[in-house]
Enquirer: 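Got a structure for you, written out below as structure tokens; questions coming shortly.
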Amino acid sequence: MSETSANVVAIYPGSFDPITTGHLDVIERGSRLCDRLIVSILRNEAKAPLFTVEERMEMLSEVTDRFPNVEVDCFHGLLADYALRRGARVIIRGIRAISDYEYELQMALMNRRLQPQLETIFLLAGEQYSFISSKLVKEIISLGGNIAGLVPPTVEKCLRARLKEVD
Ligand code: PNS
């Protein structure tokens, strides 16, 4: 697809280890604001994730299948450089609470310094998702707690399967 100035391409970057219902809500809201939304996973060997990048991409693709303008990808290196390579002018990040803001502000300003044409847009997930994080979901399920509604059902299945493997 050729890009014109009327085509707004946005990137929603993150670790998505795994994707939660809060992430999915941000994807849905973001997809309504742009022509194409690229949900992209950072390849970060240093983070020791529970799921490989390929597994996370598969989960993301499955749960975003119903959004025709959403694409799933992965990247390494600087987000600002990747955004430029993908023809994106907008970065989308979700903000849950004021505690997220300081780190997000720093990243947004740094990305703008690296690529002045990049704008970061912060989206608020629905308030019912404001306490969800991938980290807490992993902790709760590993300790036998109920995570229904915190992640899409297909992701819950993958989490249960992964926990059985590491048991
Ligand atoms: O879901 P996360 O872990 O909060 O996402 C963080 C992410 C991937 C958006 C951030 O770590 C990132 O953009 N990393 C890429 C490297 C980079 O560009 N670093 C400078 C950021 S100003």
Side-chain angles (χ1 to χ4, degrees), residues 8-31 33-34 36-64 67 70-142 147 149-152 154-156 158-159 162:
V8 178
V9 180
I11 290 182
Y12 178 30
S15 305
F16 304 107
D17 186 40
I19 181 170
T20 66
T21 43
H23 292 131
L24 198 54
D25 187 58
V26 170
I27 292 171
E28 181 162 9
R29 289 169 195 280
S31 70
L33 296 177
C34 58
R36 189 143 58 93
L37 178 62
I38 304 168
V39 184
S40 200
I41 300 171
L42 172 68
R43 272 193 190 277
N44 185 355
E45 317 304 337
K47 253 192 164 178
L50 184 60
F51 294 102
T52 66
V53 170
E54 287 67 30
E55 288 167 335
R56 282 177 273 163
M57 283 181 76
E58 212 173 303
M59 284 186 266
L60 270 170
S61 300
E62 200 171 331
V63 299
T64 60
F67 307 117
V70 172
E71 168 191 335
V72 174
D73 194 14
C74 62
F75 73 104
H76 56 86
L78 282 178
L79 172 62
D81 291 346
Y82 167 71
L84 202 72
R85 281 201 304 279
R86 295 300 323 259
R89 282 179 293 142
V90 176
I91 291 171
I92 287 181
R93 291 283 289 170
I95 295 241
R96 288 165 299 192
I98 198 71
S99 48
D100 284 338
Y101 181 70
E102 212 169 318
Y103 169 61
E104 294 297 335
L105 174 73
Q106 201 181 5
M107 277 209 304
L109 293 176
M110 192 59 89
N111 281 324
R112 191 157 71 184
R113 186 195 157 101
L114 292 168
Q115 294 292 351
Q117 65 272 52
L118 267 182
E119 290 296 343
T120 298
I121 295 181
F122 296 128
L123 294 183
L124 300 179
E127 57 276 19
Q128 68 272 39
Y129 306 115
S130 62
F131 57 93
I132 305 176
S133 72
S134 302
K135 185 170 172 258
L136 277 183
V137 165
K138 287 182 281 192
E139 185 174 326
I140 291 163
I141 195 170
S142 71
I147 60 158
L150 303 181
V151 294
T154 160
V155 174
E156 181 171 348
C158 294
L159 274 164
R162 179 53 37 94

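Order of listing sets the numbers, starting from 1, for every ligand and every atom in it.
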Enquirer: Check this for me, if you would: do Arg96 and Glu104 make a salt bridge, where the nitrogen-to-carboxylate-oxygen distance has to be below 4.0 angstrom?
Expert: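 Judged by the 4.0 Å cut-off on N to carboxylate O distance, Arg96 and Glu104 do not form a salt bridge.
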Enquirer: Which bit of Arg43 is near ligand 1, meaning a heavy atom under 4.0 Å away: side chain, backbone, both or neither?
Expert: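 Arg43 to ligand 1: no contact under 4.0 Å from either part.
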Enquirer: Heavy atoms only, cut-off 4.0 Å: how does Gln106 contact ligand 1, side chain, backbone, both, or neither?
Expert: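 Answer for Gln106: neither.
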Enquirer: Do Cys74 and Arg56 have side chains that approach each other closer than 4.5 Å (heavy atoms only, starting at C-beta)?
Expert: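 No, their side chains stay 4.5 Å or more apart.
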Enquirer: May I ask you to identify the nearest protein heavy atom to atom 1 (O) of ligand 1, giving residue, atom name and distance to one decimal place in Å?
Expert: Ser15 N, 3.0 Å
Enquirer: When rounded to the nearest 0.5 angstrom, what distance separates CG in Leu37 from CZ in Phe67?
Expert: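 Nearest 0.5 Å value for the CG-CZ distance: 9.5 Å.
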Enquirer: Within ligand 1, which atoms have a heavy atom of Met110 less than 4.0 Å away?
Expert: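 Heavy-atom distances to Met110 below 4.0 Å select 22 (S).
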Enquirer: Got the closest protein heavy atom to atom 10 (C) of ligand 1, with its distance?
Expert: Met107 SD, 3.9 Å
Enquirer: Check whether any N or O atom of Leu79, backbone or side chain, sits under 3.5 Å from an N or O atom of ligand 1, and answer yes or no.
Expert: yes
Enquirer: I'd like to know if Lys135 pairs up with Asp17 as an ion pair, taking the criterion as any Lys NZ or Arg NE/NH1/NH2 lying under 4.0 Å from an Asp or Glu carboxylate oxygen.
Expert: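 Here Lys135 does not pair with Asp17 in a salt bridge, since their nearest N and O are not under 4.0 Å apart.
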Enquirer: What atoms of ligand 1 come within less than 4.0 Å of a heavy atom belonging to Asn111?
Expert: 22 (S)
Enquirer: Could you tell me if the side chain of Val90 sits less than 4.5 Å from the side chain of Val9, heavy atoms only?
Expert: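 No. Closest side-chain heavy atoms not under 4.5 Å.
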Enquirer: Please determine if Arg89 and Glu119 form a salt bridge, counting it only when a charged side-chain N lies under 4.0 Å from a carboxylate O.
Expert: no
Enquirer: Would you say the side-chain atoms of Thr20 and Tyr129 include a donor-acceptor pair closer than 3.5 Å?
Expert: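 There is no such pair (donor and acceptor under 3.5 Å, judged by atom type) between the side chains of Thr20 and Tyr129.
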Enquirer: Can you find a non-hydrogen atom of Ala108 under 4.0 Å from ligand 1?
Expert: no
Enquirer: Closer than 4.0 Å and a protein heavy atom, does any atom meet both conditions relative to atom 12 (C) of ligand 1?
Expert: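 Given the 4.0 Å limit, the answer for atom 12 (C) of ligand 1 is no, no protein heavy atom qualifies.
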Enquirer: In terms of residue, atom name and distance, what is the protein heavy atom nearest to atom 16 (C) of ligand 1?
Expert: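 For atom 16 (C) of ligand 1, the nearest protein heavy atom comes out as Gly77 O, 3.4 Å.
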Enquirer: Does only the side chain of Leu78 get under 4.0 Å from ligand 1, or the backbone, or both, or neither? Count heavy atoms.
Expert: both
Enquirer: To which protein heavy atom is atom 14 (N) of ligand 1 closest, and what is the distance rounded to 0.1 Å?
Expert: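 Answer for atom 14 (N) of ligand 1: Leu42 CD2, 3.7 Å.
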Enquirer: What atoms in ligand 1 come closer than 4.0 Å to a heavy atom of Lys47?
Expert: 3 (O)
Enquirer: Between Arg29 and Asp25, is there a side-chain N and carboxylate O pair less than 4.0 Å apart?
Expert: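 Between Asp25 and Arg29 there is a salt bridge, with a charged N closer than 4.0 Å to a carboxylate O.
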Enquirer: Around atom 7 (C) of ligand 1, find the nearest protein heavy atom and jot down its residue, atom name and distance.
Expert: Arg93 NH1, 4.3 Å
Enquirer: Please verify the inter-ring angle class for Phe16 with His23; under 30° counts as parallel, over 60° as perpendicular, anything in between as tilted.
Expert: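 Taking His23 first and then Phe16, their aromatic rings stand perpendicular (interplane angle over 60°).
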